[in-house]
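To keep things clear, I will list the structure first and then write my remarks on it.
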Amino acid sequence: MTARIAWMLVALLAAGPVLAQKQSLADRVASLERQAATQNSSSGQANVELLNRLAQMQTEVQALRNQVEQLQNENAQLAQRNREQYVDLDTRLQRMEGGAASAPPAAAAPPASSPRNSVASPPARREPAAVAPSSDDQGAYAAAFDALKRGDYVESARAFQAYLRAYPQGPLAPNAWYWLGESYYVTQNYPIALQAFETLLGEFPDSGKAPDALLKKGYCQIELGQGGPGRQTLNRVINEFPGTEAARLAASRLRALSLESR
């Protein structure tokens, strides 16, 4: 019995280091598992926060895009309304000018002269009458203008070109050149629009359409990447036609360009 107990004691003493080693290894494994769990938890939390920030940024970007699209739509609608109002105003002016020019002035009755006073009074100075457009002239212009009003810019450009070939010096030629340029400007054919506005300014510098043509010339230059000449042209509008709507629009565009360059 004593020998058996002694043998068991020897066995326990021999197994002690092995048990201690196993315990130490188990502790190390448990510690590593705890560290891994902690790291995974931290990494997972960081990933969740990153995903949340990314989702928030995407939401903000989409909101900004929606605002930009809304502003672009509103700007396009405003430009269309301004164009329609301008076209309507031009139509009324043409009707008024055509009616006033076509109505001959009433002849003034000569003053009664006394037999005792035979000295004739000097003839009254008569202003030259405006040249009224012919019916064919007006019809060709009206057809082109109708195409412009209904938004058929390709047809309006073709019709205004036909009008100018037929009546290059007609009373409505300056207007035809302007609206020809506008037809190309609306469709972003800026080089051709620029040529039309420059032709108007070169051949009809005293036309009532000159301020607007000079303004649109500056717009075309800017759209074509000619920023310096475009600014110079807009400043010409302000200096040569002060107080006009064209001058106000030129000043507004120059302010916008200054803000864009900051």
Side-chain angles (χ1 to χ4, degrees), residues 61 64-90 93 144-145 147-149 151-154 156-161 163-165 168-169 172-262:
V61 169
L64 290 174
R65 287 177 178 173
N66 293 338
Q67 291 179 5
V68 170
E69 291 178 359
Q70 182 180 358
L71 290 174
Q72 289 176 340
N73 291 333
E74 291 177 355
N75 187 41
Q77 293 174 2
L78 179 61
Q80 180 64 25
R81 286 197 299 271
N82 289 339
R83 191 178 301 112
E84 291 173 354
Q85 292 174 357
Y86 194 41
V87 168
D88 180 66
L89 177 61
D90 188 82
L93 289 174
F145 207 76
L148 180 70
K149 288 191 292 183
D152 190 350
Y153 301 116
V154 175
S156 67
R158 186 200 64 77
F160 279 123
Q161 287 176 337
Y163 171 87
L164 290 167
R165 284 194 298 268
Q169 297 298 320
L172 299 174
N175 294 50
W177 276 113
Y178 177 82
W179 292 115
L180 175 62
E182 184 71 12
S183 299
Y184 285 120
Y185 183 85
V186 172
T187 54
Q188 299 182 359
N189 290 318
Y190 301 120
I192 307 178
L194 179 61
Q195 293 177 4
F197 295 131
E198 288 180 335
T199 301
L200 190 161
L201 294 168
E203 296 188 6
F204 306 97
D206 298 327
S207 167
K209 283 288 188 287
D212 296 323
L214 190 61
L215 175 70
K216 286 301 178 67
K217 174 182 176 179
Y219 285 3
C220 289
Q221 289 172 321
I222 292 171
E223 295 294 343
L224 291 171
Q226 304 171 12
R231 287 180 172 83
Q232 292 177 1
T233 301
L234 294 179
N235 280 310
R236 280 186 56 196
V237 177
I238 297 173
N239 295 329
E240 296 179 15
F241 305 100
T244 62
E245 179 66 11
R248 185 188 68 80
L249 292 174
S252 178
R253 188 62 179 272
L254 285 173
R255 286 193 296 271
L257 290 173
S258 298
L259 292 174
E260 292 174 1
S261 61
R262 290 182 180 177

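- At distances below 3.5 Å, not a single donor-acceptor pair connects side-chain atoms of Ser252 with backbone N or O atoms of Leu249.
- With Lys216 as the fixed residue, the salt bridge (charged side-chain N to carboxylate O under 4.0 Å, His left out) test singles out one of Glu198, Glu223, Glu182: Glu182.
- Rounding to the nearest 0.5 angstrom, the gap separating the OG1 atom in Thr187 from the CD1 atom in Ile192 is 8.0 Å.
- At a threshold of 4.5 Å between non-hydrogen side-chain atoms, the residues Tyr219 and Gln221 do not count as touching.
- Closest approach of Ser156 and Ala144 over heavy atoms only: CB-O, 3.6 Å.
- The nearest pair of heavy atoms linking Gly230 to Ile222 is CA-CG1, 4.0 Å.
- In this structure, CG in Leu254 is found 11.0 Å from CG in Leu259, a value given to the nearest 0.5 Å.
- Taking 4.5 Å as the limit, some side-chain heavy atom of Glu203 sits within range of a side-chain heavy atom of Trp177.
- The shortest heavy-atom contact between Ala247 and Ile238 is O-CG1, 3.8 Å.
- Between Phe197 and Tyr178, the ring planes lie tilted relative to each other; the angle falls in the 30° to 60° range.
- Residues Arg231 and Glu260 are not paired through a salt bridge, judged by the lack of any N-O separation under 4.0 Å between the basic side chain and the carboxylate.
- Separating the CH2 atom in Trp179 from the OH atom in Tyr153 is a distance of 10.0 Å, to the nearest 0.5 Å.
- Of all heavy-atom pairs spanning Leu215 and Val237, the tightest one is N-CG2, 3.7 Å.
- Considering every non-hydrogen atom in both Pro205 and Ala210, the closest pair reads O-CB, 3.5 Å.
- Between Thr233 and Gly218 the shortest heavy-atom distance is CG2-N, 3.5 Å.
- Residues Phe145 and Asn175 are not in side-chain contact: their nearest non-hydrogen atoms beyond the backbone lie 4.5 Å or more apart.
- Judged by distance alone, the side chain of Thr244 and the main-chain N or O of Phe241 form a donor-acceptor pair under 3.5 Å.
- For the atom pair NZ (Lys217) and CG (Leu234), the distance works out to 11.0 Å, reported to the nearest 0.5 Å.
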